[in-house]
Amino acid sequence: MELIVALGVIVFKVALVIAILLLLPLPLTWLERKIAGHMQQRMGPMRVGWHGLLQPVADGIKLLTKEDHIPAEADRFLFKLAPILALAPPFVVFAAIPFGESVSVLGNEITLYISNLNVALLFVFAVIGLEVYGVIFGGWAANSKYAVFGSLRTCAQMISYEIPMGFAVIGVVMLAQSMSLLDIVRAQTDVWNVVYQPIGFFVFFVAGLAEAQRIPFDLAEAEGDLGAGFHTEYSGIRFALFMVSEYVVMVLVSVLTVILFFGGWNGVLIPLPPLLWFLLKVAFFVYLFMWFRFTFPRYRYDQLMAIGWKVLLPLSLANIIISGVVFS
């Protein structure tokens, strides 16, 4: 009986996480449009529902009912597979993400995570790296020059930021003496890692912008010169899957930033529930992503490569050396 209950709890957690992640783009698209509107001294969505609250629902209906077009010369199998490959890895990663320790429900302790892996950090980087295949396949399979350029840019961009991003968290692992995300948060009970690892945080966050393919590093899309880049030829529900993937990755990078560098659910001064502290921190970084999109210009392709190899990589290596000397 206990085994059945435990399996039921796991299934419920998985279903809840999937449902939240699938619905998350609805409020986030509305919020992003509102932030853009106020930053540009306009109202943002106003017509569909009060203050445009139903605009994301209207967009969802439009995408679900829009014609699903596949180019005549496209590789049909890879074209259909690409959105799934782009969407699945970010969802899988959340199986290893803790949102807190535990809560009491009807006298039973329920952990706020699906699994506690002792190599969770390694698992996260291994799985999230697969997401890029969806972008590459999507651009290549479309047999369109703009889409192919977008996918090729993604290959070079991935190599440029993934290496510094991985190196940036080594200092965090040194401090926590563990790759478990729960242990990393517990090690920040008194002092957050950003105090000891400001360079690591800077490198990780900048690389995270590239991981999420957000301005100023959205060179795989680059509307100004590639139309829409790798998903130029996509429409309907498949286009929607790419958009859901982009928002889920943005939230994932925000969650990892909070867990690795900002104490996770550990609060300061104000006695708020741990889960609320966690959500507030994640919301701040999600806002930061949106703020950057409407503040900074897009970098050129060669500038991104230079930042990755000439700035982020040396900084991440220097951070490892300094951390090894200080914390050994």
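Under a hydrophobic-cluster definition in which Ile, Leu, Val, Met, Phe, Trp and Tyr are linked whenever side-chain heavy atoms come within less than 4.5 Å, directly or via other members, Y287 and Y247 are assigned to the same cluster. Under a hydrophobic clustering in which Ile, Leu, Val, Met, Phe, Trp and Tyr are joined whenever their side-chain heavy atoms come within less than 4.5 Å, directly or via other members, L23 and F239 fall into different clusters. The hydrophobic clustering, which links ILVMFWY residues whose side-chain heavy atoms are closer than 4.5 Å, places F278 and L24 together. Connection of I61 to L63 is not established within any shared hydrophobic cluster, with ILVMFWY side chains joined at heavy-atom distances below 4.5 Å, either directly or through further cluster members. If you chain together hydrophobic residues whose side chains sit under 4.5 Å apart, I237 and F91 never meet in one group.
Shortest non-hydrogen contact noted between M174 and S323 is SD-CB, 3.7 Å. Minimum heavy-atom separation, S245 to A86: OG-O, 2.7 Å. For the pair G129 and V132, the tightest heavy-atom approach, listed with the atom from each and the gap, is O-CG1, 3.2 Å. Across V203 and A168, no two heavy atoms sit closer than the pair CG1-CB, 3.8 Å. Residues Q40 and F294 share a closest heavy-atom pair of NE2-CD2, 3.8 Å. In terms of heavy atoms, G138 sits closest to Y234 at CA-OH, 3.5 Å.
Heavy atoms of other residues, nucleotides or ligands lying less than 6.0 angstrom from CZ of F12 number 12 at most. Heavy-atom neighbours of Y133 OH from other residues, nucleotides or ligands within 6.0 Å: at or below the threshold of 12. The neighbour count for E73 CD, taken as heavy atoms of other residues, nucleotides or ligands under 6.0 Å away, does not exceed 12. Environment of CZ in F242: crowded, with over 12 heavy atoms of neighbouring residues, nucleotides or ligands closer than 6.0 Å. Annotation: R47, atom CZ; neighbour count of heavy atoms from other residues, nucleotides and ligands within 6.0 Å does not exceed 12. Within 6.0 Å of atom CZ in R76, 12 or fewer heavy atoms from other residues, nucleotides or ligands are found, so the atom counts as exposed in its surroundings.
In this structure, the ring of Y161 has its center no less than 6.0 angstrom from the ring center of F204. Between F79 and F137, the distance from one ring center to the other does not fall under 6.0 angstrom. Taking the centre of each ring, F205 and F261 stay at or above the 6.0 Å mark. Aromatic rings from F99 and Y113 are positioned such that their centres are separated by 6.0 Å or more.
Using a distance-only test at 3.5 Å, with no hydrogens or angles considered, no donor-acceptor pair links the side chain of D75 to the main chain of W140. Looking at W291, its side chain never comes within 3.5 Å of a backbone N or O of I35 through a donor-acceptor pair. Here the side chain of S235 pairs a donor or acceptor atom with the backbone of E67 at under 3.5 angstrom. Judged purely by atom type and a 3.5 angstrom limit, S115 has no side-chain atom pairing as donor or acceptor with the backbone of L117. Looking only at distances, no side-chain donor or acceptor of E162 sits under 3.5 Å from a matching main-chain atom of F125. A donor-acceptor pair is defined here as one N or O able to donate and one able to accept, closer than 3.5 Å; such a pair exists between the side chain of W277 and the backbone of I270. With Q188 contributing its side chain and N266 its backbone, the two residues share no donor-acceptor pair below 3.5 Å. Here the side chain of S160 pairs no donor or acceptor atom with the backbone of M305 at under 3.5 angstrom. In terms of modelled atom types and a separation under 3.5 Å, the side chain of S178 and the main chain of D183 share no donor-acceptor contact. With N193 contributing its side chain and L260 its backbone, the two residues share a donor-acceptor pair below 3.5 Å.
Here the rule is side chain to side chain contact (heavy atoms under 4.5 Å, CB included) with K34, and of M46, M290, Q55 only M46 fits it.
Summarising the geometry, atom CD1 belonging to I97 is positioned 13.5 Å from atom CG belonging to L112; distances are rounded to the nearest 0.5 Å. Between the CD1 atom of I307 and the CG atom of L315 there is a distance of 11.5 Å, given to the nearest 0.5 Å. In this structure, CD in Q303 is found 12.0 Å from CZ in R298, a value given to the nearest 0.5 Å. Taking OG1 of T257 as the start and CG of L252 as the end, the distance is 9.0 Å to the nearest 0.5 Å. Between atom OG1 of residue T295 and atom CG of residue L288 there is a gap of 9.0 Å, rounded to the nearest 0.5 Å. Remark: Q213 CD to M158 CE distance equals 11.0 Å, nearest 0.5 Å.
A heavy-atom distance below 4.5 Å is not found between the side chains of F285 and V251. With a 4.5 Å cut-off on side-chain heavy atoms, P274 and E101 do not count as touching. Contact check for F289 versus V286: no side-chain heavy atoms found under the 4.5 Å cut-off. Looking at R238 and I70, their side chains come closer than 4.5 Å, going by heavy atoms from C-beta outward. Contact check for L87 versus I84: no side-chain heavy atoms found under the 4.5 Å cut-off. The shortest distance between side-chain heavy atoms of N319 and F202 does not fall below 4.5 Å. The shortest distance between side-chain heavy atoms of W265 and L275 does not fall below 4.5 Å. Side-chain atoms of V249 and E211, non-hydrogen and from C-beta on, do get closer than 4.5 Å to each other.
Looking only at atom types and distance, the side chain of D59 has no donor-acceptor partner in the side chain of T29 under 3.5 Å away. In summary, the side chains of T111 and K13 do present a donor paired with an acceptor at a separation below 3.5 Å, with no hydrogens or angles considered.
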